[in-house]
Number of protein chains: 2
Amino acid sequence: MISNKAKYAFRALLAIAASSDRQAMASADIAQRYAIPHKFLEQILVDLKKAGILDSRRGKNGGYVMLRPADTISFGEVLRLFEGPLAPLPCLSRQSYRRCEDCIDESRCDIRREFGRAYDAYRRVLDSRTLADALDSGHGQNDDFLRRSA
Amino acid sequence: MISNKAKYAFRALLAIAASSDRQAMASADIAQRYAIPHKFLEQILVDLKKAGILDSRRGKNGGYVMLRPADTISFGEVLRLFEGPLAPLPCLSRQSYRRCEDCIDESRCDIRREFGRAYDAYRRVLDSRTLADALDSGHGQNDDFLRRSA
DNA sequence: GCAATTCCCTATTCACTAGATAGGGTATAC
DNA sequence: GTATACCCTATCTAGTGAATAGGGAATTGC
């Protein structure tokens with residue numbers, strides 16, 4: 001199960017990406033619309049800004065806007081930001097590989113081989129699908145007035 | 001990342017499944033061979049017995065044997081035993097479905113749709129590959145004298 | 001029939017993390 | 001120059017992973 005933090009991040013990102021780029025979305029608005037604890041959401045949005053995904057404006061009419069375009073941001077990237085490595089075993093992570101401590105021969109490990117198959121399939125989807133893809137698949141219905149929840 | 005508990009369970013199961021069915025494997029032997037804390041492993045093996053996967057014999061020459069054949073036990077089944085639902089969202093789990101609390105329309109949730117794709121791919125592998133498959137893929141080398149680790 | 005062996009059961013500990021909550025600091029627009 | 005909204009740091013709580021501890025119960029071999 002993914003964390004609430006990650007789930008909130010996706011909700012906020014999809015909301016921001018789906019809105020018109022001209023005006024920023026305030027964290028308080030997002031929080032209210034999606035029933036996310038405001039202070040908690042603020043921390044998340046700051047993380048997304050530090051990661052170079054969002055930009056922010058302060059003061060009246062301030063809020064958050066996309067910094068990078070939505071079709072360059074994959075689900076995998078966002079998920080890794082909040083969950084750390086997605087791999088089921090440290091020895092399967094490409095981005096933060098770590099050897100299993102008491103492993104003698106990695107290339108012969110049955111567990112690694114089987115989880116490698118599964119993880120490959122999982123990762124392939126998450127790293128290829130972007131926020132823009134997700135919005136496009138929404139059957140064309142713009143649900144700005146609905147809560148896009150999970 | 002999967003838990004140590006699950007990892008230990010796989011090691012033990014693969015060891016038992018790979019050994020000759022005639023004689024039981026003692027928990028202490030498995031623990032020593034794979035560097036698993038003995039008392040911790042005992043708990044795991046009892047869980048596997050309660051799940052109907054292993055059988056046990058007490059006393060001298062006692063130990064554990066497979067109850068169900070290795071080609072009927074999928075990685076998914078074992079993983080669920082120790083990790084609970086594998087789905088990234090409660091609303092995606094078939095075996096223990098739970099609605100997301102603040103979700104208005106599940107069928108329109110972008111997050112659910114995208115993670116559904118990824119999870120399908122992941123689950124498909126884990127639920128189809130069995131312990132026997134894993135042992136068969138081991139390039140024919142019987143590594144009873146090696147630690148099969150992860 | 002008894003002692004060694006091995007499985008079995010329950011409780012406890014310790015560190016770590018998720019998931020917030022709290023409170024104020026800082027920049028900006030009007 | 002004040003309201004607005006982002007930003008930063010600290011703290012709290014419940015839950016969980018990963019063991020450790022200690023003894024009880026069944027079985028086998030002698």
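Proteins get letters first, then strands, A, B, ... in listed order; numbering begins at 1 in each. Atoms considered below: every heavy atom in the structure, side chains included; atoms not considered: hydrogens, waters and symmetry mates.
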Checklist line | Interatomic distance where NZ belongs to A:K49 and C1' belongs to D:dC7 [whole Å] | finding: 9 Å

Note to self: Using a strict threshold of under 4.0 Å (side-chain N to carboxylate O), is an ion pair present between B:E42 and B:K39?
What the structure shows: yes

Margin query: Just to be sure I understand the rule, does A:Y8 reach a base, reach only the sugar-phosphate, or reach nothing, if contact means heavy atoms closer than 4.0 Å?
Written below: sugar-phosphate

Next item on the list: Check the distance between D:dA10's P and A:K39's NZ and give it to me in whole angstrom.
Entry: 15 Å

Check: More 5' along DNA chain D: B:A6 or A:A28, using each one's nearest nucleotide?
Finding: A:A28

Note to self: Reading DNA chain D from 5' onward, which residue's closest nucleotide shows up sooner: B:R57 or B:F82?
What the structure shows: B:F82

Next item on the list: With DNA chain C as reference, determine whether B:N61 or A:N61 sits nearer its 5' end, using the nearest nucleotide of each.
Entry: B:N61

Note to self: Please compare A:K60 and A:K5 by the position of their nearest nucleotide in DNA chain C and report the one closer to 5'.
What the structure shows: A:K5

Next item on the list: Could you state the atom-to-atom distance from CD of A:E83 to P of C:dT17 in whole Å?
Entry: 13 Å

Notebook entry, point to check: Does B:S3 place a side-chain N or O at less than 4.0 Å from the phosphate oxygens OP1/OP2 of D:dG17?
Noted result: no

Next item on the list: Please report, rounded to the nearest Å, how far the C1' atom of C:dG19 is from the CD atom of B:E101.
Entry: 13 Å

Checklist line | Under 4.0 angstrom between A:S56 side-chain N/O and D:dC7 OP1 or OP2 | finding: yes

Margin query: Does A:E42 contact D:dC6 through a side-chain donor or acceptor facing the base, at a distance under 3.5 Å?
Written below: no

Note to self: Checking side-chain polar atoms at under 3.5 Å, does B:R113 have a donor or acceptor matched by the opposite partner on B:S107?
What the structure shows: no

Notebook entry, point to check: In whole Å, what is the span from the CD1 atom of A:I36 to the C1' atom of C:dG19?
Noted result: 13 Å

Note to self: Between B:F40 and B:Y8 (judged by ring centroids, cut-off 6.0 Å), do the two rings come close enough to count as a pair?
What the structure shows: yes

Next item on the list: Would you indicate, yes or no, if D:dA5 has its OP1 or OP2 atom less than 4.0 angstrom from a side-chain nitrogen or oxygen of A:S27?
Entry: no

Check: Within the side chain of B:R68, is there an N or O that forms a donor-acceptor pair under 3.5 Å with the backbone of B:T72?
Finding: yes

Check: Expressed in angstrom and rounded to an integer, what is the separation of A:R58 atom CZ from D:dA3 atom P?
Finding: 19 Å

Notebook entry, point to check: Does B:R112 reach the main-chain N or O of B:G116 with its side chain, forming a donor-acceptor pair under 3.5 Å?
Noted result: no

Check: Rounded to whole angstrom units, what separation is found between the CG atom of B:L54 and the C1' atom of C:dT6?
Finding: 15 Å

Item checked: d(CD, A:Q43; P, C:dT21) in whole Å -> 10 Å

